[in-house]
Protein chains: 2
Amino acid sequence: MNRQLPSEPGQSRYGALAVAMRARIVQGEWPPGAALPAEQALAAEHGVALGTMRRALDLLAEQGLVERVHGRGTFVKAGLSGAPMFRFFRFGDAGVEPPRSRILSRDKMAAPADIARGLGAAPSDTLLRLKRLRLVGDRPCLYEEIWLPLPLFEPLAKGDLVAWGDLLYPLFLERCGVHVHRAVDAISFGNLAATQARVLRLSTGHPCARVQRQAFDVAGRCIEMRTTLGDASAFHYTVSIT
Amino acid sequence: MNRQLPSEPGQSRYGALAVAMRARIVQGEWPPGAALPAEQALAAEHGVALGTMRRALDLLAEQGLVERVHGRGTFVKAGLSGAPMFRFFRFGDAGVEPPRSRILSRDKMAAPADIARGLGAAPSDTLLRLKRLRLVGDRPCLYEEIWLPLPLFEPLAKGDLVAWGDLLYPLFLERCGVHVHRAVDAISFGNLAATQARVLRLSTGHPCARVQRQAFDVAGRCIEMRTTLGDASAFHYTVSIT
DNA sequence: AAGTGGTCTAGACCACTCT
DNA sequence: GAGTGGTCTAGACCACTTG
């Protein structure tokens, strides 16, 4: 039927379909974890052939927005789950026991200019700041400073810290309804300041690896700025290039 | 026509086709840079529908083995070209002028066990070892130690070093017929030994970033082990996770 | 104008998962 | 067995590149 006209947005019809489907997902028409309607149904609804809708869904799968499972269906992806910070570091006894977390401080204040800019906030905006220590067994391994935008993360600004558990992202979801969908980590090397060195039980000026993370939700808004510091000699990461 | 039987290797017919095409490419039926026959011709030759052959070629394109250009054809990829080592480092005046190279030494000797293992060589095999300095302007920036397997790279073991130019991979291709197709870089952190520090004009024990590279040709054989060292404070790298 | 890859369709059958 | 995504086909038209 619809023979000509490739359509408008990117270029191809399946590209446009992917954009449309992405919008419906972001607007919450199907919550994370839920199954989308069958390909046939979606194709009919949008008035395209089955293969075209498949192409669109495959695109969204490549982008990590949905997950396709043979014989079961197509599901909205439920964001980043685990504690992927430790993939940058090798601590001797890791892998045996899961890393634990301890919140060192929690306060509200204006952020440095680069942090505010990363979050898309005004330089004078008040944000939520967390300092956190991550441990393997009893050994302090990573020091983190985390900035969160404040109307959104108000539920974390009060209440008991003990009930938080070891992972933040599941907490973001339960308390604030925020799904972390994508993150960008910038790696560099530096030296520990005195206070940072103290909690990590290293000497001031000790070489450290710094991972600056910017995390985004499904809609593409930045919802977290995080700086992680760890002993440089424990750092290890592998990149494949083609 | 050929309705049933999904075929053997991986599972799908297009998967098997991709494997077959990969073999033909690796065996040199079409040299790097050359154009493959048209999809129609290949599909007819293998007795499959056009769409199936397209799927197979798309797969090879994803894997970086071929490159598809609209309206022109499908081409065997010519391997890694540039000097992608500098993507891990930010030196102030980089980007303005291209980095230069200076070979510090060239000799034949047995390699440490891990190097030999990485190259798939016996621990006692004699290999070609290069030490190289990379400069931006007149400023020494990176120090490299490069190990190459020896029957293959014999053409580099003799002759004038001045004619080598600033990039190794094009040289590998011209002199030895080796295409670097894929590489794996392992990033870690350490301190400069005395000799390394001297050529980089830094102090002994200065913090450094270490990039350990393992490079492979189209057939998947490791053809280079390289260790690159640079000032840790100049290191910078970004990872996107989903 | 001819040749290439890119998109779209319509319909068939296969493989997996759940009940 | 019913429903899902995965594969394959056959043929049409579109968009880009080159002579």
Side-chain angles (χ1 to χ4, degrees), chain A residues 1-21 24-25 30 33-78, chain B residues 1-21 24-25 30 33-78:
Chain A
M1 15 195 69
N2 288 319
R3 281 317 172 126
Q4 38 273 26
L5 49 144
S7 72
E8 346 78 22
Q11 48 272 17
S12 53
R13 182 127 50 183
Y14 72 80
L17 273 179
V19 169
M21 291 296 299
R24 294 178 71 178
I25 291 172
W30 304 283
L36 266 53
E39 299 173 337
Q40 281 288 6
L42 286 172
E45 181 182 355
H46 286 83
V48 298
L50 180 64
T52 304
M53 179 54 77
R54 281 188 56 73
R55 277 277 251 156
L57 293 174
D58 284 341
L59 235 185
L60 293 180
E62 271 179 41
Q63 297 169 2
L65 197 69
V66 301
E67 187 174 13
R68 320 204 67 180
V69 186
H70 198 153
R72 299 214 315 125
T74 302
F75 302 86
V76 179
K77 257 213 174 172
Chain B
M1 13 195 71
N2 289 320
R3 282 315 171 128
Q4 38 275 29
L5 47 146
S7 73
E8 346 79 22
Q11 50 272 18
S12 53
R13 183 126 51 182
Y14 72 80
L17 273 178
V19 169
M21 291 295 299
R24 295 177 69 179
I25 291 172
W30 304 283
L36 267 52
E39 298 172 339
Q40 281 288 5
L42 286 172
E45 181 182 354
H46 286 82
V48 299
L50 180 63
T52 305
M53 179 53 78
R54 281 187 56 73
R55 278 277 250 156
L57 293 174
D58 284 341
L59 234 184
L60 293 180
E62 271 178 42
Q63 297 169 1
L65 197 69
V66 301
E67 186 174 14
R68 320 204 67 179
V69 187
H70 197 153
R72 299 215 313 126
T74 303
F75 302 86
V76 179
K77 257 213 176 173

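Throughout, protein chains are lettered first and strands after them, A, B, ... in sequence-line order, and every chain is numbered starting at 1.
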Of the listed nucleotides ([options]), which one gets closest to any side-chain atom of [X]?
{"X": "B/Glu39", "options": "C/dG6, C/dT9, C/dC8", "value": "C/dG6"}
{"X": "A/His70", "options": "C/dG6, D/dC8, C/dA15", "value": "C/dA15"}
{"X": "B/Arg13", "options": "C/dT9, D/dT9, C/dT4", "value": "D/dT9"}

Compare all side-chain heavy atoms of [X] with those of [Y] and state whether any distance is below 4.5 angstrom.
{"X": "B/His46", "Y": "B/Thr52", "answer": "no"}
{"X": "A/Thr74", "Y": "A/Leu42", "answer": "no"}
{"X": "B/Leu36", "Y": "B/Met21", "answer": "yes"}
{"X": "A/Arg72", "Y": "A/Glu67", "answer": "no"}

Separation of [X] atom [atom1] from [N] atom [atom2], in whole Å?
{"X": "A/Leu59", "N": "C/dT7", "atom1": "CG", "atom2": "P", "value": "10 Å"}
{"X": "A/Glu67", "N": "D/dT4", "atom1": "CD", "atom2": "P", "value": "18 Å"}
{"X": "B/Gln40", "N": "C/dA2", "atom1": "CD", "atom2": "P", "value": "17 Å"}
{"X": "B/His46", "N": "D/dT9", "atom1": "NE2", "atom2": "P", "value": "13 Å"}
{"X": "B/Leu42", "N": "C/dT4", "atom1": "CG", "atom2": "C1'", "value": "12 Å"}
{"X": "A/Asp58", "N": "C/dC8", "atom1": "CG", "atom2": "P", "value": "13 Å"}
{"X": "A/Arg68", "N": "C/dC16", "atom1": "CZ", "atom2": "P", "value": "17 Å"}
{"X": "A/Leu57", "N": "D/dG5", "atom1": "CG", "atom2": "P", "value": "8 Å"}

**Request:** For B/Arg72 and for B/Met53, locate the closest nucleotide of DNA chain D by heavy-atom distance; then report the residue assigned to the nucleotide nearer the 5' terminus.
**Result:** B/Met53

**Request:** Assign each of A/Leu50 and A/Gly73 to its nearest nucleotide of DNA chain D by heavy atoms, then name whichever residue's nucleotide is nearer the 5' end.
**Result:**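 The residue mapped nearer the 5' terminus is A/Gly73.
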
**Fill in**
Whichever of A/Gly51 and A/Val69 has the more 5' nearest nucleotide on DNA chain C, that residue is A/Gly51

[N] phosphate, OP1 or OP2: any side-chain N/O from [X] under 4.0 angstrom?
{"X": "A/Tyr14", "N": "C/dC8", "value": "no"}
{"X": "A/Thr74", "N": "D/dG5", "value": "yes"}
{"X": "B/Arg55", "N": "D/dC8", "value": "no"}

**Request:** Would you indicate what B/Arg54 reaches in the nucleic acid, counting non-hydrogen atoms under 4.0 angstrom: base, sugar-phosphate, or nothing?
**Result:**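 Result for B/Arg54 = base.
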
**Asked** Around atom CD of A/Gln63, are there more than 12 heavy atoms of other residues, nucleotides or ligands at under 6.0 Å?
**Response** yes

